[in-house]
There are 2 protein chains.
Amino acid sequence: MSGVEDTDRAIVRSLAEDGRLSYTDLAERVGLSVSAVHQRVRRLEQRGVIKGYAARVDHEALGLPLSAFVAIRPIGAPEPDDAPDKLAGFPEIEACYSVAGDDFYLLLVRVAGPADLERLLQQIRVAANVTTRTTVVLSTPYEGRPPQV
Amino acid sequence: MSGVEDTDRAIVRSLAEDGRLSYTDLAERVGLSVSAVHQRVRRLEQRGVIKGYAARVDHEALGLPLSAFVAIRPIGAPEPDDAPDKLAGFPEIEACYSVAGDDFYLLLVRVAGPADLERLLQQIRVAANVTTRTTVVLSTPYEGRPPQV
DNA sequence: GCTGAAAAATGATTTAC
DNA sequence: GTAAATCATTTTTCAGC
């Protein structure tokens with residue numbers, strides 16, 4: 001049981017693919033009237049199933065061609081852990097995942113080049129009192145694909 | 001030089017935060033007329049700086065509460081490498097990054113639970129002839145934040 | 001919860017400056 | 001790039017089933 005019914009799933013999937021679909025097009029795709037789709041979308045937004053809408057951007061074109069995953073773990077004894085809060089101020093950090101395994105968090109960062117990455121890593125280490133292990137992204141075959149229906 | 005000028009950056013950032021902003025609101029934010037913003041957005045879309053729009057979804061609510069990073073590397077001699085193509089058919093795989101380091105690719109996957117993860121990993125190994133090393137996501141402090149302006 | 005239709009708002013295009 | 005006018009669509013609301 002997932003709490004989201006089939007038609008709603010189809011709606012969510014369509015909007016995950018194209019967040020600017022009109023209600024007319026949506027209605028056509030899922031086989032409902034515009035009004036019905038509209039109120040379903042509103043409920044999905046209210047329930048938080050749809051958390052918002054975002055433009056998908058080309059980071060290269062924006063001058064941020066270098067992406068990297070940064071695994072972090074605390075130095076010495078693990079204190080009360082608020083690394084995400086301490087790092088939230090860095091706009092280079094696109095995502096922060098708390099993970100199982102050797103590391104505590106996995107960050108996805110976007111920077112202009114190696115020099116910026118070096119500087120960012122130093123700042124992260126200081127700000128959160130952690131060590132870092134960085135995996136550079138060479139290319140991105142695909143990203144942000146819509147979730148399974 | 002990034003090829004994207006300051007006002008355009010502001011536009012892209014605003015749309016990355018809220019992909020459904022009206023041109024009126026956008027114009028207000030960046031201090032331009034509606035017409036000017038409108039044609040800038042169109043150019044940004046045409047140039048591919050804005051690659052599209054997507055709804056941000058709550059994977060838990062959709063019945064996919066388990067996320068994981070799956071690092072893969074080929075078994076034995078690295079043949080002509082088309083793992084991304086071979087894996088593109090799995091809807092559980094949200095993203096595929098080609099990475100530097102010990103592993104060849106890093107996948108982000110979303111599944112319903114451990115059993116599905118196990119099955120997916122087996123399928124990935126067979127489909128792409130790779131070994132996998134999986135890092136389970138425990139929680140997501142933040143994700144998909146807008147890029148730096 | 002769905003439909004259908006009217007009203008309000010926004011999008012898209014054009015013109016002139 | 002601004003401002004204004006226009007027309008097409010879309011969004012939003014509402015009565016009724």
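Numbers restart at 1 for each chain; the letters A, B, ... are given by sequence-line order, proteins then strands.
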Quick check: do B:Gln122 and B:Val126 have side-chain heavy atoms less than 4.5 Å from each other? no
Pick one: which of A:Leu32, A:Val34, A:Leu21 meets side chain to side chain contact (heavy atoms under 4.5 Å, CB included) with A:Leu26? A:Leu21
Run through DNA chain D and report every stem of 3 or more consecutive Watson-Crick or G-U pairs, distances under 3.5 Å, ordered by first number. C:1-10 with D:8-17, C:12-17 with D:1-6
Once you round to the nearest 0.5 Å, how far does OG1 of A:Thr140 lie from CG of B:Leu106? 10.5 Å
Which residues in residues 11-23 of chain B have a heavy atom closer than 4.0 Å to any atom of DNA chain C? B:Ser22, B:Tyr23
One should read off an interatomic distance between A:Arg110 CZ and A:Glu92 CD, to the nearest 0.5 angstrom, of 12.5 Å
Which residues within residues 32-39 of chain B lie with some heavy atom under 4.0 Å of an atom in DNA chain D? B:Leu32, B:Ser33, B:Ser35, B:Ala36
The criterion is side-chain contact (heavy atoms from CB on, under 4.5 Å); which residues satisfy it with A:Arg42, sequence neighbours excluded? A:His38, A:Gln46
Is B:Leu15 close to B:Ile50 at the side-chain level, that is, under 4.5 Å between some pair of heavy atoms? yes
Output the distance between atom CG (A:Asp18) and atom CG (A:Asp25), rounded to the nearest 0.5 Å. 8.5 Å
Under the ring pair (Phe, Tyr, Trp, His ring centres under 6.0 Å) test, residues paired with A:Tyr97 that sit two or more places apart: B:Phe69
Would you mind telling me which residue lines up with the more 5' stretch of DNA chain D, A:Arg42 or B:Arg43, judged by nearest nucleotide? B:Arg43
Send over the distance from A:Glu5 CD to C:dC2 C1', rounded to a whole Å. 13 Å
Grab the CG-C1' distance between B:Leu26 and C:dT10 for me, whole Å please. 13 Å
With side chains defined as the heavy atoms from C-beta onward, is the minimum distance between A:Arg73 and A:Arg133 less than 4.5 Å? yes
Residues that A:Gln123 engages under side-chain contact (heavy atoms from CB on, under 4.5 Å), provided they are two or more places apart: A:Phe90, A:Arg119, A:Leu120
